[in-house]
Each structure stands twice: as structure tokens, then as C-alpha cells.
Protein chains: 2
Amino acid sequence: MTSTRSTRDGAVDQGVPGSIPSKAADRGIPEATVARLPVYLRALVTLTDQGIATCSSENLATAAGVNSAKLRKDLSYLGSYGTRGVGYDVEYLRYQIAREIGVTQDWPVVIVGIGNLGHALANYAGFSSRGFRVVALLDSDPARVGKELAGLQISGSAALEDLVREHDVAIGVIATPAAAAQEVCDRLVASGVTSILNFAPAVLSVPDGVDVRKVDLSIELQILAYHEQRKALAFGSAARLGDTG
Amino acid sequence: MTSTRSTRDGAVDQGVPGSIPSKAADRGIPEATVARLPVYLRALVTLTDQGIATCSSENLATAAGVNSAKLRKDLSYLGSYGTRGVGYDVEYLRYQIAREIGVTQDWPVVIVGIGNLGHALANYAGFSSRGFRVVALLDSDPARVGKELAGLQISGSAALEDLVREHDVAIGVIATPAAAAQEVCDRLVASGVTSILNFAPAVLSVPDGVDVRKVDLSIELQILAYHEQRKALAFGSAARLGDTG
DNA sequence: GTGAGTTTGTTCTCGCGTTCACAAACTCTT
DNA sequence: AAGAGTTTGTGAACGCGAGAACAAACTCAC
């Protein structure tokens with residue numbers, strides 16, 4: 001839900017005139033399922049680490065925190081990789097999901113904005129372990145340029161276009177302040193980046209064919225605050241809150 | 001969608017026998033709408049900064065990156081805060097949304113796990129500016145305990161229960177490694193925390209009435225990778241990818 | 001005051017996602 | 001080999017959210 005697939009209401013949906021009825025043709029996996037596949041993948045890795053070679057949909061569903069019917073339906077979009085009466089081969093399913101997501105190949109990634117968050121992202125082990133290779137760190141602050149971080153030297157923002165093209169980068173991560181986000185985004189897109197992960201608290205506008213996913217930490221907390229407030233009200237301690245309209 | 005409202009299939013849905021038909025009673029705002037309210041709030045703050053006092057649903061929708069019909073429907077769940085023929089008063093609407101979300105009051109927050117990410121979160125300005133006050137930082141690594149960060153001293157994990165109770169903390173942030181996440185979660189919940197923001201790549205199980213939202217950085221990238229792979233395939237450069245099944 | 005223009009709030013329809021329930025397909029015991 | 005027990009894959013029902021479209025309500029010009 002934090003994603004903007006511009007192809008949905010853009011070029012792809014208008015459809016090439018003589019093409020196949022979309023869903024069957026492109027093996028279209030529902031967006032909600034796509035968002036869960038990485039969770040299943042992580043659960044399967046955990047099972048592997050525990051030395052478990054086979055699992056039922058019930059086992060895997062529990063490990064992934066979903067119900068088993070949903071899991072089976074999700075997997076059915078990929079193909080029939082299970083065996084009735086037996087379950088799923090952990091290694092086999094793991095590979096199939098990894099292949100479907102695309103993490104069997106290596107994805108070069110650039111991170112723009114090396115503040116607190118960018119710093120953390122550059123050092124984040126979860127990226128490299130899952131097929132993502134940080135190939136460049138960029139920042140506009142001259143005080144940061146040249147410093148080494150996570151085995152890379154921080155480049156000035158002027159180098160953005162060259163670095164993206166040189167490493168054939170398709171995925172860019174924006175961790176700049178909100179004010180700089182749109183400009184950085186435009187430059188990334190102009191250089192050939194077609195997927196953006198945005199941590200800046202700003203709405204990005206991108207051309208059709210470019211995907212944006214956003215992660216906004218304060219929004220997550222605000223959603224929790226909403227539910228927290230409602231819990232407090234539901235338990236009758238409303239007087240303390242003092243919102244007098 | 002990254003949220004687990006255990007009340008959905010838990011106590012609340014079973015319904016107190018003599019209670020009111022739920023939706024009307026609790027002014028139940030759809031989850032999808034709740035997730036967008038903070039975005040509207042941010043957009044309104046931006047408009048205020050630009051000195052704009054009134055805006056139409058079209059203006060605000062553009063600033064928030066949604067379409068205007070959706071915006072109006074979302075706002076209608078809160079009440080009728082606009083004026084037909086005129087639009088919305090920016091300040092007034094801003095306050096109403098803030099009140100509805102609950103960010104007019106102050107929310108004490110603890111952060112557990114002061115690694116790279118926890119470090120960044122502790123320094124994140126977006127929290128304090130939106131009604132969240134970090135009251136404690138916790139880490140199990142003795143090397144980090146005692147160090148100062150963002151105006152706070154890092155406490156050892158043994159102090160978790162006391163700190164949560166002392167500050168009456170309802171919201172906890174978990175930024176530990178995956179292996180430690182469930183134990184930390186259990187301790188937070190046992191101490192009275194009822195909302196958890198989880199950055200650890202692990203599925204947390206919590207009792208009914210506790211909300212969990214998860215942010216998984218590598219999952220976001222994997223979702224982008226999936227779409228990226230499909231774009232590559234759609235443009236016929238499939239040969240390069242070399243996934244031979 | 002009246003009519004033209006504007007903008008909100010709401011109704012209606014459609015599609016997606018979730019869940020239930022069951023047939024198909026496999027293993028294992030006897 | 002046949003039946004009992006398991007587990008997958010899927011058809012169907014249902015509920016929620018998105019978007020279009022329109023009526024209600026306001027402003028402004030004259």
C-alpha cells in the first residue's frame with residue numbers, strides 16, 4: 001500500500017492492441033501477494049537454518065505470521081511447488097520464490113543522503129545478504145564527501161549521474177531531507193533508475209514506468225498512536241486525555 | 001497492511017453482547033484511511049509553511065499524492081470540516097486530523113536496540129516534531145550502555161521494565177537483531193506496552209489488544225526487485241538474466 | 001435576491017483480496 | 001491393492017477499498 005505502480009494507470013494498462021488479456025499473459029501476481037513473498041522467503045531461510053527439510057502450509061504460515069489458506073493461494077500464483085499429502089520441500093520452494101522475486105541475481109543499489117539513516121542503511125547487513133549490493137553512497141554535504149563508510153567512499157552529489165550509469169543501477173534509495181528528495185529523485189530517474197525506495201517524508205512524483213515505495217517512520221508511529229488513543233478511549237480513561245474539541 | 005490489529009479477530013469482534021453495532025459506535029475509521037491521515041497532516045503542515053490558509057480537496061490531494069475523491073471520502077470519516085464552494089481551512093483541518101490521530105498529546109516512546117538503525121531512530125527529528133518523545137534507549141551490549149545519545153543515556157536491558165512503567169510508555173520501538181526481537185517484545189508487552197513498531201526482520205507474536213507494525217527494509221527492496229525484474233522481462237532483455245529455471 | 005460557478009460530502013458500482021470449504025492427489029498401514 | 005488419513009490447490013462467497021458521478025451547499029457578481 002505504500003507503493004505507487006505508475007504502470008497500473010499508465011502505459012501498460014492501456015494495453016498493446018493485439019496483446020494477450022494481461023493476467024494470463026504476464027503471470028500477474030497480485031500486489032498483495034508480492035508483498036508477502038519476501039516474508040515467506042525469510043521464513044523458509046529460518047526453517048533451513050533449523051535443519052527442517054519439509055514443511056506443511058500450516059507450518060510455514062505460522063512461521064510467516066499469516067493463515068495457511070492465504071499462504072497456499074499466494075504460492076499457487078507461482079505454480080504447483082508442493083506435494084499433496086506431504087507439503088513443501090523447503091529448499092526447492094525457497095529457490096522458486098527467490099527466483100520469482102528476482103533475488104537470485106545481484107541488484108546494484110545507490111544510497112543518496114548519508115545522514116543518520118543513510119549511514120544505518122549503508123551498514124545494514126540485510127541488504128547484502130539478500131542480493132542487493134550497495135555500489136555508491138552520495139551526499140551533497142562537502143563535510144561528508146570522501147569519508148569511508150561500509151567499504152565505500154562517499155561521493156559528492158555531482159557524481160550521481162555517472163555512478164548510476166557506470167554501475168547500471170536500477171534501484172535508488174533516497175535518505176535525504178524532504179526538501180531535497182524530489183530533485184534527487186528526478187536526477188536518479190533521468191540517469192536510468194526505475195525503482196526508488198524513499199525514506200524522505202515527501203511525496204515524489206515520477207513518470208510512468210517508475211516504481212516508488214516509501215517508508216516513513218513517523219507515519220508508522222502516528223498510525224500506532226491512533227490505535228493507542230482509541231484503546232485508551234475504549235477503556236473509559238477518556239477524561240485524562242482532555243481533548244475538548 | 002504491515003499491521004496486525006489483533007482486535008480484528010480477537011475480543012472486540014466477538015462483541016460485548018449488549019453493545020452497539022460496532023461501526024457507528026466506535027466511529028470506526030477504515031484502516032486504509034488511518035494510514036493516509038498522517039500523509040494529509042504532513043501536506044497541511046507544508047501548506048501552512050507556504051502561508052496558504054485555505055485549500056481545495058484538489059490542492060490537498062495533489063500535495064498528498066492521492067486523488068481528490070479519495071481524500072474527500074477519507075476526510076468525511078472524521079466529520080464535515082470543509083465548506084462547500086470554498087474548501088478547507090488549513091489550520092483548522094490540521095488540528096482536527098492531529099486530534100483524530102492523537103498527536104496533539106505527547107507519546108513517550110522507548111527504543112530497544114541501539115545499533116546502526118536504533119542510533120538513527122534516536123536522532124530522528126521527525127519523531128519529536130510530531131508528538132513523540134523518546135524517553136529511554138536500551139541495549140543489551142555492555143559496551144554501549146552508559147553512552148550518551150540524543151540527550152539520553154543508554155540503559156542496560158535489565159532496566160526495561162522499570163523504565164516503561166516509570167514513564168508510562170505505551171509505544172515501543174524494536175531495532176534489535178531478529179533473534180532478540182521476540183523476547184524484547186514479550187518483555188515490553190508484559191510491562192504495559194500495547195503498540196510496537198518492529199524493525200527487526202522477524203515475525204512477532206503478541207496477545208490480543210496489542211498492535212504491531214513492522215518495517216522491513218530488505219522486504220521493500222525485494223518488492224522493488226520483483227517489479228524491476230518484470231520490467232526487464234517485458235522489454236525483451238530476458239536473455240541477460242540467465243534464470244534457466 | 002437571483003443565477004452562475006465552485007467545491008464538498010455521499011451514493012453507487014466495480015474490482016481486489018481474504019477466507020471458507022472441498023475435491024484432487026499423495027502416503028502409509030494392513 | 002485398497003482404504004484411511006493428510007495436505008495441497010482452487011472455486012466460490014464475502015467484505016473492504018477505490019473511483020466515478022452527482023446532489024447539496026456555499027460564494028460571488030450583478
Side-chain angles (χ1 to χ4, degrees), chain A residues 1-6 8-10 13 21-24 26-37 39-40 52-62 64-90 92-93 96-97, chain B residues 1-5 8-10 13 21-24 26-37 39-40 52-62 64-90 92-93 96-97 223:
Chain A
M1 299 304 121
T2 60
S3 106
T4 305
R5 290 235 65 213
S6 34
R8 280 282 152 168
D9 39 347
D13 241 9
S22 81
K23 262 296 163 54
D26 56 3
R27 295 255 316 283
I29 299 180
E31 198 55 37
T33 297
V34 171
R36 282 188 295 266
L37 290 180
V39 181
Y40 302 153
I52 298 172
T54 298
C55 68
S56 68
S57 63
E58 195 66 38
N59 295 151
L60 184 53
T62 304
V66 301
N67 86 29
S68 63
K70 194 182 330 199
L71 171 74
R72 286 199 302 276
K73 175 149 277 191
D74 282 343
L75 294 184
S76 77
Y77 291 114
L78 313 189
S80 287
Y81 295 139
T83 308
R84 297 172 193 226
V86 179
Y88 301 93
D89 182 281
V90 173
Y92 181 60
L93 184 58
Q96 293 300 338
I97 293 180
Chain B
M1 299 303 115
T2 60
S3 107
T4 304
R5 291 236 65 213
R8 280 281 154 172
D9 40 347
D13 242 17
S22 83
K23 261 296 163 55
D26 56 5
R27 298 252 318 283
I29 298 180
E31 199 54 38
T33 296
V34 171
R36 280 187 295 266
L37 290 180
V39 181
Y40 302 153
I52 297 171
T54 299
C55 69
S56 68
S57 64
E58 195 65 39
N59 296 151
L60 186 52
T62 304
V66 301
N67 88 26
S68 62
K70 194 183 331 198
L71 171 72
R72 287 197 302 276
K73 178 171 273 194
D74 283 343
L75 294 184
S76 77
Y77 290 114
L78 312 190
S80 287
Y81 295 140
T83 308
R84 298 172 191 225
V86 179
Y88 301 93
D89 181 282
V90 172
Y92 182 60
L93 184 58
Q96 293 299 339
I97 293 180
I223 295 171

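FYI, side chains are in, hydrogens and waters are out, and symmetry mates aren't considered; it's all heavy atoms of this structure. Letters A, B, ... mirror the listed sequences (proteins, then strands); counts begin at 1.
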**Prompt:** What residues form a side chain to side chain contact (heavy atoms under 4.5 Å, CB included) with B:A61, not counting sequence neighbours?
**Reply:**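 Expected list: B:V66, B:S68, B:L71.
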**Request:** Could you pull out all residues at least two apart from A:T33 that satisfy side chain to side chain contact (heavy atoms under 4.5 Å, CB included)?
**Result:**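 Listed in chain order: A:I29, A:P30, A:R36, A:L37, A:D74, A:Y77.
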**Item:** B:C55 and its side chain to side chain contact (heavy atoms under 4.5 Å, CB included) partner, picked from B:D89, B:V90, B:V86
**Value:**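 Going through B:D89, B:V90, B:V86 one by one, the side chain to side chain contact (heavy atoms under 4.5 Å, CB included) with B:C55 is satisfied by B:V90 alone.
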**Asked** Hey, is the side chain of A:K73 pairing donor to acceptor with the base of D:dT10 inside 3.5 Å?
**Response**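 Side chain to base: no pair present.
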**Item:** Non-neighbouring partners of B:T62 that pass side chain to side chain donor-acceptor pair (under 3.5 Å), sequence neighbours left out
**Value:** none
**Prompt:** So which nucleotide from D:dA20, C:dT18, D:dG9 ends up closest to the side chain of A:S76?
**Reply:**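 Looking only at heavy atoms from C-beta outward on A:S76, the closest nucleotide is D:dG9.
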d([atom1], [X]; [atom2], [N]) in whole Å:
{"X": "A:K70", "N": "C:dA21", "atom1": "NZ", "atom2": "P", "value": "17 Å"}
{"X": "A:D74", "N": "C:dG17", "atom1": "CG", "atom2": "P", "value": "10 Å"}
{"X": "A:E58", "N": "C:dC20", "atom1": "CD", "atom2": "P", "value": "11 Å"}
{"X": "B:N59", "N": "C:dT7", "atom1": "CG", "atom2": "P", "value": "8 Å"}
{"X": "A:L75", "N": "D:dT7", "atom1": "CG", "atom2": "C1'", "value": "13 Å"}

**Request:** May I ask you to check whether A:Y81 and A:Y92 place their ring centers less than 6.0 Å from one another?
**Result:** yes
**Request:** Starting at the 5' end of nucleotides 22-30 of chain C, put B wherever the base has a protein heavy atom under 4.0 Å, S where only the sugar-phosphate does, and a dash everywhere else.
**Result:** -BBBBS---
**Message:** Show the nearest heavy-atom pair for residues B:Y40 and B:A64, with the distance to one decimal.
**Reply:** CD2-CB, 3.7 Å
